[in-house]
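Below, chains carry the letters A, B, ... as their sequence lines are ordered, and counting in each starts from 1.
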Amino acid sequence: MAYNICSSSSSLSHDPHLFFSSFSPPLALQFALFQPTPRLKQSNHSITLKPSLQLTQVSSQIPVSERTHPPNPPNSQSLDEKANSSSKSYIWVNPKSPRASQLRRHSYNARYASLSKIAKSLDSCNPVEEDVFDILASLGDKIVEQDAVIVLNNMSNADTAAIALKHFQQRFELNKETILYNVTLKVFRKCRDLDRAEKLFDEMLERGVKPDNVTFSTIISCARLCSLPKKAIEWFEKMPSFGCKPDDVTYSVMIDAYGRAGNVDMSLSLYDRARTEKWRIDAATFSTLIRIYGTSGNFDGCLNLYEEMKALGVKPNLVVYNSLLDAMGRAKRTWQAKSIYREMMNNGFEPSWATYAALLRAYARARYGEDALNVYREMKEKGMELNVGLYNTILAMCADVGFTDEGVEIFEDMKNSENSQPDSWTFSSLITIYSCSGKVSEAEATLNGMLEAGFEPNIFVLTSLIQCYGKANRTDDVVRTFDRLLALGITPDERFCGCLLNVMTQTPKEDLDKLTICIDKANSKLGYVVNLLLDEESIEEGIFKKEARELFDAIGSDVRKAYCNCLIDLCVNLNLLEKACELLDLGLTLEIYTDIQSKSPIQWSLHLKSLSLGAALTALHVWMNDLYRVLESGEELPSLLGINTGHGKHKYSDKGLAGVFESHLKELNAPFHEAPDKVGWFLTTKVAAKSWLESRHSHDVVAA
DNA sequence: AGTTCTCTCA
């Protein structure tokens with residue numbers, strides 16, 4: 001793509017914020033560093049590690065058969081029975097030998113696997129005591145509290161988890177009841193059920209079980225997962241009254257909760273506090289902070305945090321990279337997203353779904369068409385499913401950059417997907433894709449498909465359709481679509497009116513009245529200005545400009561330039577040069593256009609980059625008059641004169657401004673020629689310009 | 001037993 005700068009040589013070393021090329025430790029070492037600190041799993045066979053020769057029994061629970069065969073399904077034989085049947089066959093191993101640790105791990109893994117199978121059956125059984133207790137009975141008699149913790153910790157069904165908890169409470173004297181409550185709270189959090197979590201907390205208090213920091217951080221994170229950050233803060237503030245003093249993990253959660261509640265300052269002050277009090281700040285917290293900065297638009301802050309993190313010796317993990325990629329995507333700093341991704345890959349990370357999602361959004365937002373498609377293809381290759389949002393993002397990009405066939409193909413893929421069926425946004429993008437490429441019947445068919453799928457056409461769809469009909473010169477269909485919009489009770493917005501205005505610039509003179517009526521209905525102020533513009537009777541001087549000014553003052557800054565461009569185009573089409581000049585002048589006064597003319601000692605230039613053809617021609621006309629006045633006053637022209645049209649080759653216009661402008665320059669007999677080394681520039685010399693300006697003026701005088 | 005990642009441009 002012409003404007004794809006991603007593969008350009010823009011080097012990071014120019015960027016003061018980033019020095020990614022700094023050395024990295026060897027891969028193997030990094031992997032070692034990324035390993036989570038192994039936690040000693042407490043198991044039933046207490047192992048006293050003293051002299052190296054002490055022998056330890058490692059098979060108190062798991063039968064010998066399980067050391068070589070996979071465990072049986074949990075219901076076929078109770079774990080307890082298995083334990084009994086094996087109780088006579090001990091083997092003794094040096095506890096420090098590799099064999100011992102292998103066996104320990106194996107026996108733990110086997111038990112863990114059985115317990116998590118039980119958790120799975122509990123998840124899918126009826127939420128009645130009878131069924132839940134039945135399944136739990138298969139645990140046998142010799143279960144310990146730790147087993148109960150493992151079962152609950154692996155569950156995700158809040159109803160059956162509550163019953164299971166009750167069972168365990170009835171079953172044995174618990175001495176770590178808080179832990180059991182905490183893992184049950186985790187299940188409720190998985191179900192995003194804050195209500196239930198809060199009720200369970202009350203029950204803890206009633207039973208005299210003391211909540212701890214884990215209890216609070218679980219409830220707090222549950223609140224934030226339920227998008228109730230204010231609740232999270234409430235819970236945090238409750239901690240001291242229960243004798244709990246927030247620790248590093250609590251602060252980590254709260255940094256996130258404050259960030260999501262929109263209280264960025266509070267997040268940052270917690271971070272500051274954590275730093276000054278020399279708490280351990282881990283990668284998770286940094287990724288949270290980066291996300292907070294990213295969503296609040298402080299993109300330099302993201303990069304600074306990243307540097308700070310590395311300076312503190314905290315290794316970035318995948319989530320940190322994902323947050324950074326997401327932030328750079330939002331910031332439209334696509335090249336930085338690219339280098340972060342490269343760094344991540346060089347450090348041996350495997351991209352996750354979130355990585356691809358962030359990359360895809362970054363590329364799509366910046367219209368890096370090929371890059372975005374590559375991410376899409378890579379995800380498909382890896383069997384990752386895109387969600388509706390990602391599909392829509394990439395389809396919107398296809399519409400923007402003119403990837404018609406690719407867009408259609410992706411839409412088909414989406415229809416075949418399991419969980420990502422097209423929504424109204426999808427249809428809207430597809431209609432835009434067809435509209436922009438002038439495929440009227442396909443656009444119409446897609447609209448019908450959208451209706452069949454049960455979606456109402458929205459303003460975006462109808463805006464696209466109007467554009468589509470306008471381009472095809474089907475004025476009556478434009479009007480019909482406009483009436484449809486009104487019939488649906490949709491209020492035309494500024495963008496929609498801008499689109500109608502744009503259609504007018506492509507419509508034959510005899511059809512303009514039909515569209516003026518629409519515009520009048522949509523926005524009377526705009527309608528009035530358009531009517532004044534079209535009015536052939538002379539109006540009082542200054543009225544047109546005054547009304548146009550009021551219009552520009554009344555509309556949003558995002559559409560001002562589009563409106564001004566269209567109005568000037570209309571003037572130029574109708575040969576109303578004077579009104580065109582008035583509008584251009586107004587555009588300059590209101591700073592809708594800036595820096596159209598520039599002067600350096602050796603070259604004067606005309607910059608037409610974001611101007612429509614009509615506006616560009618008007619600006620050229622004004623410039624030529626200005627230059628002639630300079631000549632008249634006896635001043636010297638500089639040695640070079642240049643016109644910059646930009647290379648702006650938009651996918652959907654047959655030619656960019658550069659191409660169209662060139663033929664106009666020829667028509668005017670202007671001596672400007674395309675610069676061979678600078679794309680989008682037309683240059684001439686002082687001498688050529690002078691004689692041309694003079695001949696043109698005498699020609700004008702004769703014509704007048 | 002607790003903290004991060006799934007926020008779609010009009």
Among [options], which is the nearest nucleotide to the side chain of [X]?
{"X": "A:R365", "options": "B:dC9, B:dT3, B:dC7", "value": "B:dC9"}
{"X": "A:A284", "options": "B:dA1, B:dT8, B:dT3", "value": "B:dT3"}
{"X": "A:T288", "options": "B:dT4, B:dG2, B:dC9", "value": "B:dT4"}
{"X": "A:N392", "options": "B:dT8, B:dT6, B:dT4", "value": "B:dT8"}
{"X": "A:D400", "options": "B:dT6, B:dC9, B:dT4", "value": "B:dC9"}
{"X": "A:R189", "options": "B:dG2, B:dC5, B:dC7", "value": "B:dG2"}
{"X": "A:S287", "options": "B:dT4, B:dC5, B:dT3", "value": "B:dT4"}
{"X": "A:T285", "options": "B:dT8, B:dA1, B:dT3", "value": "B:dT3"}

Under a 4.5 Å cut-off applied to non-hydrogen side-chain atoms, are A:R207 and A:Y181 in contact?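 With C-beta onward as the side chain, the pair touches.
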Can you say whether the rings of A:F201 and A:W235 are parallel (under 30°), tilted (30 to 60°) or perpendicular (over 60°)? perpendicular
Measure up the A:Y363 and A:Y368 rings against each other and bin them: parallel (under 30°), tilted (30 to 60°), perpendicular (over 60°).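 The arrangement is parallel - the two ring planes meet at less than 30°.
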Does any residue of residues 222-241 of chain A have a heavy atom under 4.0 Å from DNA chain B, and if so, which ones, in number order?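 The answer is A:R224.
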Residues from residues 420-428 of chain A sitting under 4.0 Å of DNA chain B, heavy atoms only? A:D423, A:W425, A:S428
With centres under 5.5 Å and planes under 30°, do A:F216 and B:dG2 count as stacked?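 It does not: the two rings, one from A:F216 and one from B:dG2, miss the stacking criterion.
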Decide, applying a 5.5 Å centre-distance limit and a 30° plane-angle limit (both strict), whether A:W353 stacks on B:dT6. yes
Tell whether [X] reaches the base of [N] with its side chain through a donor-acceptor pair below 3.5 angstrom.
{"X": "A:D247", "N": "B:dG2", "value": "yes"}
{"X": "A:D256", "N": "B:dT4", "value": "no"}
{"X": "A:R367", "N": "B:dC9", "value": "yes"}

Which residues pass the salt bridge (Lys or Arg N to Asp or Glu O under 4.0 Å) test with A:K382, sequence neighbours left out? A:E350
For A:D413, enumerate each residue passing the salt bridge (Lys or Arg N to Asp or Glu O under 4.0 Å) test, keeping only those at least two apart in sequence or located in another chain.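 A:K380.
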Under the side chain to side chain contact (heavy atoms under 4.5 Å, CB included) rule, collect the residues that match up with A:E412, sequence neighbours excluded. A:K415
Would you mind listing every salt bridge (Lys or Arg N to Asp or Glu O under 4.0 Å) that reaches into residues 242-262 of chain A, with sequence neighbours excluded?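 Qualifying pairs: A:R224-A:D256, A:D248-A:R280, A:D256-A:R260, A:D256-A:R291.
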Measure CZ/A:R192 against P/B:dT6 and give the value in whole Å, please.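 After rounding, the gap between these two atoms is 12 Å.
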For a quick check of understanding: with a heavy-atom distance under 4.0 Å over all strands, which category does A:T215 fall into, base, sugar-phosphate or nothing? nothing
Base, sugar-phosphate, or nothing for A:T463, non-hydrogen atoms under 4.0 angstrom? nothing
With respect to the phosphate group of B:dT8, does any side-chain polar atom (N or O) of A:R361 fall under 4.0 Å of OP1 or OP2? yes
